[in-house]
Amino acid sequence: MYYSKSPIYFLFFFISIANLLAQKPINVIFFIGDGTGLPQISAGNYVNDNHTAFEDFQYIGLSKTHSYDNLVTDSAASGTAMSSGMKTHNRVIGLDENKNPIPNILELCQSNGYKTALIATSTILHATPASFFAKVSSRYKYEEIAFQLTKSEVDYFMGGGKKYFTSRKDNRNLLLEDNTRTYVSSIGEFEKSSAEKIGYFTANDDPKTILEGRNPSLSKMLLATLEKVALQDSPFFIMVEGSQIDWGGHDNDIDYVLSEFKDFNESIQAALDFAKKNKNTLIVVTGDHETGGLAISGGEMENNKIKTVFSTTGHTAIMIPVFSYGPHSEEFKGIYDNTQIFHKFKKSLAFD
Ligand SMILES: [Zn+2]
């Protein structure tokens, strides 16, 4: 007696199917502040009239950043944990603890029709961005990582490191070999290009610091990328890294940290402004670990002054906040391992 139930059930069934079909896939902008924990965010807040873009987020979580076998992670293991959902050894990218390759969220996005983009203020081959396309036993194999990037399905990327494509030990020029992508060297060329896949090199090696006058800003790079992806019908996943906050921490140079944090904070504000208009966008902001063991030991509220002390030139194991805004942002509240960030993205994008 299959059809004995009231027709109302069939109506409900069809309505829920129609709702599912009508649900547009969500866009993601994922921010990673390298070496950015609560001390860096607090310092950035106090020198900026007691305000950051972080205050606009709806949910806050904390992530445990230790790597597979080290209490203090590096950016490779932490990047892999967030991009691919597994704890691995420090210095390893895109491979599990037994060196088996593991799929990352960007690849899952690509096979689900997403446009994908990576933006960094380091080279684009540095550990954090590389965790979204590379599988290598050492983060320092930059030429191999460059090769893997040319073979990846990443649609848009922006960052330094051109020399690893053009001045290589094997004498190959990967830019000439890659006929899938257009390569440009200015933001203007990026904006003008109508190519489907574009690589924009911001520097031959590491990009300059903000204090040295790095240009364009992270927010300008993000807005140019948003403009490209917004033109298309596909949903998108963009990873934005404030790479050099970490380098300021390693140098125990608070002005370096704060200037890079300001650039990062402004790009987050730009994303929030976009997401408030485009309600289908999930924004998640976190760090991969804290750098410098930074403490704020004094200062003056009235004139945006802080007194700071660093306790190490390396990374620390303190838990790192995760801020989320937009559809499924509630998934990111609570205390969890950094590997859960991958699983939370997967669940939010309904890739299970
Ligand atoms: Zn570091």
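Both ligands and their constituent atoms are indexed starting at 1 by order of listing.
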> Residues sharing M319's hydrophobic cluster, by side-chain heavy-atom contacts under 4.5 Å among ILVMFWY, directly or via others?
Replying inline: L62, I335

> If we ignore angles and hydrogens, is there a donor and acceptor under 3.5 Å between the side chains of S78 and T73?
Replying inline: no

> Any side-chain donor-acceptor pair under 3.5 Å between N338 and K87?
Replying inline: yes

> Does the cation-pi check pass for K162 over Y183, that is, NZ or CZ under 6.0 Å from the six-membered ring centre and within 45° of its axis?
Replying inline: no

> Between N27 (side chain) and F236 (backbone), is there a donor-acceptor pair under 3.5 Å?
Replying inline: yes

>> I'd like to check T166 versus N173 (side-chain heavy atoms, cut-off strictly below 4.5 Å). Are they in contact?
In response: yes

> Taking the Zn ion (ligand 1) as the center, what protein N, O or S atoms are found at less than 2.8 Å?
Replying inline: D246 OD1, D246 OD2, H250 NE2, H315 NE2

